[in-house]
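Position 1 is the first residue of the sequence, and the numbers go up from there.
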Amino acid sequence: MSNTRHLSDPVELPCGVVLKNRLVKAAMAEHMSTTNTPEDTFPVAYKNWGEGGWGGLITGNVHVDPRYTGGKGDLTFANTSDPVVQSNWRAYAAACHASGAPAIVQICHPGRQSPFNAGERGFFEKNVAPSPIPMNLGDNLIARAAQKVLFGTPREISVEEIDELVASFAENAKFLSEMGFDGVELHAAHGYLLSAFMDEKMNIRTDTYGSTPKNRTRLITSIIHAIRTTVPATFAVGIKLNSTDTQHSNTLDATLDQMAHIVDAGIDFLEISGGSYENPVMTGRGTTTPLVSTRTANREAYFLDFAASVRSRFPATVLMVTGGFRSLAGMKAALESGAADIIGIARPAVVDPAWAKKLLDAEREGGEVVIKLGHVEMGWLMKKIPVRALGAGAESNYYSGEIGRLGRGLEARAP
């Protein structure tokens, strides 16, 4: 009997949710709400993916605290008792389910990466972080000024606020289960709050939420346990974690130990991604080039080497790898390596929402499918500004704009 793994294979998560195949539309910033709730553009856009052949869909960020968002146009859990708002959320879920693919919502808190003009907090109210450590956008004068103007120095979140945050994650997960979604993914990557709590450079607390690798995962494991007590047993709880920040450091064992606490808390899948505003390698724009082996480079995925380490430690955990896949051959190599169970696709899914169907057809027929995407070009003035997050911002803004086109019933365009 052949043990070959195919993209067309269904994947059953521990909670019982079944992905139709191994291709998942990954989370991307959308920035297309004017009310911070899912307006008509969301079901229009997501119906494209719902009918696109994907095994499952993961939505863009939904922020659990309306005071702190990643940018204008982001979704929050505002006015959830309003029947109109609930109707909008149900329409959103229904669009994702157009062809039966499970719909999972990425929920998060941006932490110190929430700029001054985002969210409902007052202009002079600081963003929050595990410790009052400002972001580093670069060592030059312009980068330091941009950091101060856009983000400032965060204040340390209190234990009382952490308790409220845990309850908020659980409450919002319960709301999503009632609206018809199939699960949530905790965003603990890209420098957001949950990610920052895990990082010893960003978290220098001496209480039970810091000082040791285990304590630095306490917020995440508390959230997972709280969600599990409020949602049905069949509701998925996944997590997105960083790889690049730790894969070549001397703390790999500590990182895997942290993952052990998270896996033991009861997750249904673990997505490997990477990068942050400080080093945005998830867009290929970071000033620090990800150090990956030639083997990984040939297989396209940015984070596959790290995923292999995770697989060795956690052989039974469902692993999703997102970042850099552009061909059927690259995806098949990742699956056959054993480092990935699920292939996460982001930017190519915007340009071609039905790319999953084409990949599955090519796999069945023994063919190949390749998509080529260029970098988003910045204007000459932007190129002159030495702030490393600008390139990542240009990429993200371009693709969120193209998702907006999908939401208006138009075709998305490749850069």
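In this structure, a donor-acceptor pair under 3.5 Å is absent between the side chains of His6 and Asn21. Between the side chains of Glu30 and Ser400, no donor N or O sits under 3.5 Å from an acceptor N or O. No hydrogens or angles considered: a donor-acceptor pair under 3.5 Å links the side chains of Ser114 and Arg121. His190 and Asn242 form no side-chain donor-acceptor contact under 3.5 Å, judged by distance and modelled atom types alone. Looking at Glu39 and Thr34, their side chains do bring a donor and an acceptor atom within 3.5 Å of each other. No side-chain donor from either of Ser168 and Glu164 sits under 3.5 Å from a side-chain acceptor of the other.
Here Asp82 pairs with nothing under the salt bridge (Lys or Arg N to Asp or Glu O under 4.0 Å) rule; sequence neighbours left out. Applying the side-chain contact (heavy atoms from CB on, under 4.5 Å) rule to Ala94 yields no partners; only residues at least two apart in sequence or on another chain are considered. Remark: Arg218 pairs with no residue by the salt bridge (Lys or Arg N to Asp or Glu O under 4.0 Å) rule, at least two apart or across chains. Judged as a side-chain hydrogen bond (donor to acceptor under 3.5 Å, both in side chains), and not counting sequence neighbours, the contacts of Asp361 are Arg364. Every residue meeting the salt bridge (Lys or Arg N to Asp or Glu O under 4.0 Å) condition with Arg405, not counting sequence neighbours, appears here in chain and number order: Glu402. A search for salt bridge (Lys or Arg N to Asp or Glu O under 4.0 Å) contacts involving Asp352 returns Lys358, not counting sequence neighbours.
Lys174 and Glu178 are joined by a salt bridge, as a carboxylate oxygen and a charged side-chain nitrogen come within less than 4.0 angstrom of each other. Between Arg347 and Glu395 a salt bridge is recorded (basic side-chain N to carboxylate O distance below 4.0 Å). Salt bridge absent: Asp40 and Lys47 never bring a charged side-chain N and a carboxylate O closer than 4.0 Å.
Glu271 contributes no side-chain N or O that, together with a main-chain N or O of Thr322, makes up a donor-acceptor pair within less than 3.5 Å. Judged purely by atom type and a 3.5 angstrom limit, Arg216 has no side-chain atom pairing as donor or acceptor with the backbone of Phe197. Glu363 contributes a side-chain N or O that, together with a main-chain N or O of Ser8, makes up a donor-acceptor pair within less than 3.5 Å. In terms of modelled atom types and a separation under 3.5 Å, the side chain of Tyr398 and the main chain of Ala414 share a donor-acceptor contact. When atom types are taken as modelled, the side chain of Asn215 and the backbone of Gly210 share a donor-acceptor pair closer than 3.5 angstrom. Looking only at distances, a side-chain donor or acceptor of Asn203 sits under 3.5 Å from a matching main-chain atom of Arg205. Of the possible donor and acceptor atoms, one in the side chain of Ser337 sits under 3.5 Å from a partner among the backbone N and O of Ala334. No donor-acceptor pair under 3.5 Å is formed between the side chain of Glu12 and the backbone N or O of Leu19. Here the side chain of His31 pairs no donor or acceptor atom with the backbone of Gly401 at under 3.5 angstrom. In terms of modelled atom types and a separation under 3.5 Å, the side chain of Asn172 and the main chain of Phe169 share no donor-acceptor contact.
In this structure, CD1 on Ile157 lies 11.0 Å from OG on Ser131, to the nearest 0.5 angstrom. Rounded to the nearest 0.5 angstrom, Leu75 CG and Ile107 CD1 are separated by 13.0 Å. Rounded to the nearest 0.5 angstrom, Glu120 CD and Arg67 CZ are separated by 9.5 Å. Here Thr41 contributes atom OG1 and Arg408 contributes atom CZ; the two are 9.0 Å apart, rounded to the nearest 0.5 Å. The CD1 atom of Ile239 lies 8.5 Å from the CD atom of Glu185; values are rounded to the nearest 0.5 Å. Note that CG of Asn79 is 8.0 Å distant from OG1 of Thr76, once rounded to the nearest 0.5 Å.
Inter-residue side-chain proximity for Phe314 and Met259 is flagged as met; some heavy-atom pair is nearer than 4.5 Å. The shortest distance between side-chain heavy atoms of Ile58 and Met320 falls below 4.5 Å.
Annotation: Phe181 is not in aromatic contact with Phe235 [ring centroid separation under 6.0 Å not met]. Less than 6.0 angstrom separates the ring centroid of Phe77 from the ring centroid of Trp89. Annotation: Tyr192 is not in aromatic contact with His109 [ring centroid separation under 6.0 Å not met].
Remark: of the listed residues Val263, Thr255, Ile272, Val321, Ile272 is the sole one forming a side-chain contact (heavy atoms from CB on, under 4.5 Å) with Val310.
A cation-pi contact, defined as under 6.0 Å to the ring centre and within 45° of the axis, links Lys25 to Trp49.
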What verdict does the salt bridge (Lys or Arg N to Asp or Glu O under 4.0 Å) test give for Lys201 and Asp199, after you've listed the backbone C-alpha separation in whole Å, the side-chain angles of each residue and the deciding distance to 0.1 Å?
CA-CA 5 Å; Lys201 294 180 180 178; Asp199 192 326; over 6 Å; no

Show your reasoning for whether side chain to side chain contact (heavy atoms under 4.5 Å, CB included) applies to Gln106 and Lys240.
CA-CA 9 Å; Gln106 186 175 90; Lys240 178 190 286 187; 3.2 Å; yes

Between Glu156 and Val128, is a side chain to side chain contact (heavy atoms under 4.5 Å, CB included) present by the stated rule, with each step listed?
CA-CA 6 Å; Glu156 181 173 297; Val128 295; over 6 Å; no

Determine whether Val24 and Ile345 satisfy the following criterion, side chain to side chain contact (heavy atoms under 4.5 Å, CB included), listing intermediate values before the conclusion.
CA-CA 6 Å; Val24 168; Ile345 305 295; over 6 Å; no

Evaluate Arg228 against Asp268 for salt bridge (Lys or Arg N to Asp or Glu O under 4.0 Å), listing each step before the verdict.
CA-CA 11 Å; Arg228 289 295 190 196; Asp268 290 290; 2.8 Å; yes

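Applying the 6.0 Å contact sphere to CD of Glu411 captures no more than 12 heavy atoms from other residues, nucleotides or ligands.
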